Asks: 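Encoded as structure tokens, here's the structure I'll be asking about.
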Amino acid sequence: MSDAFFAGSYGGNAQKLHDDSRLECKICWYIYDPAEGDTYWQIPPGTPFSQLPPHWSCPNCDGNKRDFMVVRDTS
């Protein structure tokens, strides 16, 4: 099995992330925003994606954390 991921995918590599990086689920397009946290999993605001617990998954579709994509700001 290949370890290749789509360009921009998190893939478990925290070096691709900043503390304020927002990531999008590739299945349902839910965006994890560290400024907001995640009420479903009781993740407090200010928690970077890289600091989410290993069992965390998309609160909308249960998508795998490794499959989230880094959102690029276009501003």
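Since we're looking at a predicted model, the values are computed, not measured.
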Asks: Restricting to side chain to side chain donor-acceptor pair (under 3.5 Å), what partner residues turn up for S50, sequence neighbours left out?
Replies: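 For S50, no residue satisfies side chain to side chain donor-acceptor pair (under 3.5 Å) once neighbours in sequence are set aside.
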
Asks: If you define the side chain from C-beta out and look only at heavy atoms, does anything of R22 sit under 4.5 Å from P34?
Replies: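 When only atoms from C-beta onward are counted, P34 and R22 do touch, with a gap below 4.5 Å.
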
Asks: Compute the ring centroids of Y40 and W56, then answer whether they are less than 6.0 Å apart.
Replies: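 Judged by ring-centre distance (under 6.0 Å), Y40 and W56 do not meet the cut-off.
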
Asks: Kindly compute the distance separating CE (M69) from NZ (K26), expressed to the nearest 0.5 Å.
Replies: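 The CE atom of M69 sits 7.5 Å away from the NZ atom of K26.
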
Asks: Excluding sequence neighbours, so at least two apart, what forms side chain to side chain contact (heavy atoms under 4.5 Å, CB included) with D20?
Replies: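 Side chain to side chain contact (heavy atoms under 4.5 Å, CB included) check on D20 returns H18.
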
Asks: Distance check, rounded to the nearest 0.5 Å: K65 atom NZ versus C58 atom SG?
Replies: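 SG of C58 is found 13.0 Å from NZ of K65.
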
Asks: Quick one: side chain to side chain contact (heavy atoms under 4.5 Å, CB included) partners of T47, sequence neighbours excluded?
Replies: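 Side chain to side chain contact (heavy atoms under 4.5 Å, CB included) list for T47, sorted by chain: Y32, I43, P44, Q51, L52.
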
Asks: Of all the heavy-atom pairs spanning W41 and S57, show the shortest one and how long it is.
Replies: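 That would be NE1-O, 2.9 Å.
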
Asks: Write down the atom of C28, the atom of N60, and the distance for their closest heavy-atom approach.
Replies: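 C28 and N60 have their closest heavy atoms at SG-CB, 3.6 Å.
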
Asks: Does S21 reach the side chain of F49, with side-chain heavy atoms less than 4.5 Å apart?
Replies: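 The answer is no; the side chains never approach within 4.5 Å.
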
Asks: To the nearest 0.5 Å, what is the distance between CD on E24 and CZ on F68?
Replies: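 Atom-to-atom, E24:CD and F68:CZ are 9.0 Å apart.
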
Asks: A side-chain contact here means heavy atoms from C-beta on lying under 4.5 Å apart; do V70 and L17 qualify?
Replies: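 The answer is yes, as the side chains (C-beta and beyond) meet within the 4.5 Å cut-off.
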
Asks: Between V71 and D33, is there a side-chain heavy-atom distance shorter than 4.5 Å?
Replies: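 No, every pair of side-chain atoms sits at 4.5 Å or beyond.
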
Asks: Tell me every residue that passes side chain to side chain contact (heavy atoms under 4.5 Å, CB included) with N64, counting only those two or more places apart in sequence or in another chain.
Replies: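 If we apply the side chain to side chain contact (heavy atoms under 4.5 Å, CB included) test to N64, skipping adjacent residues, the hits are R66, D67.
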
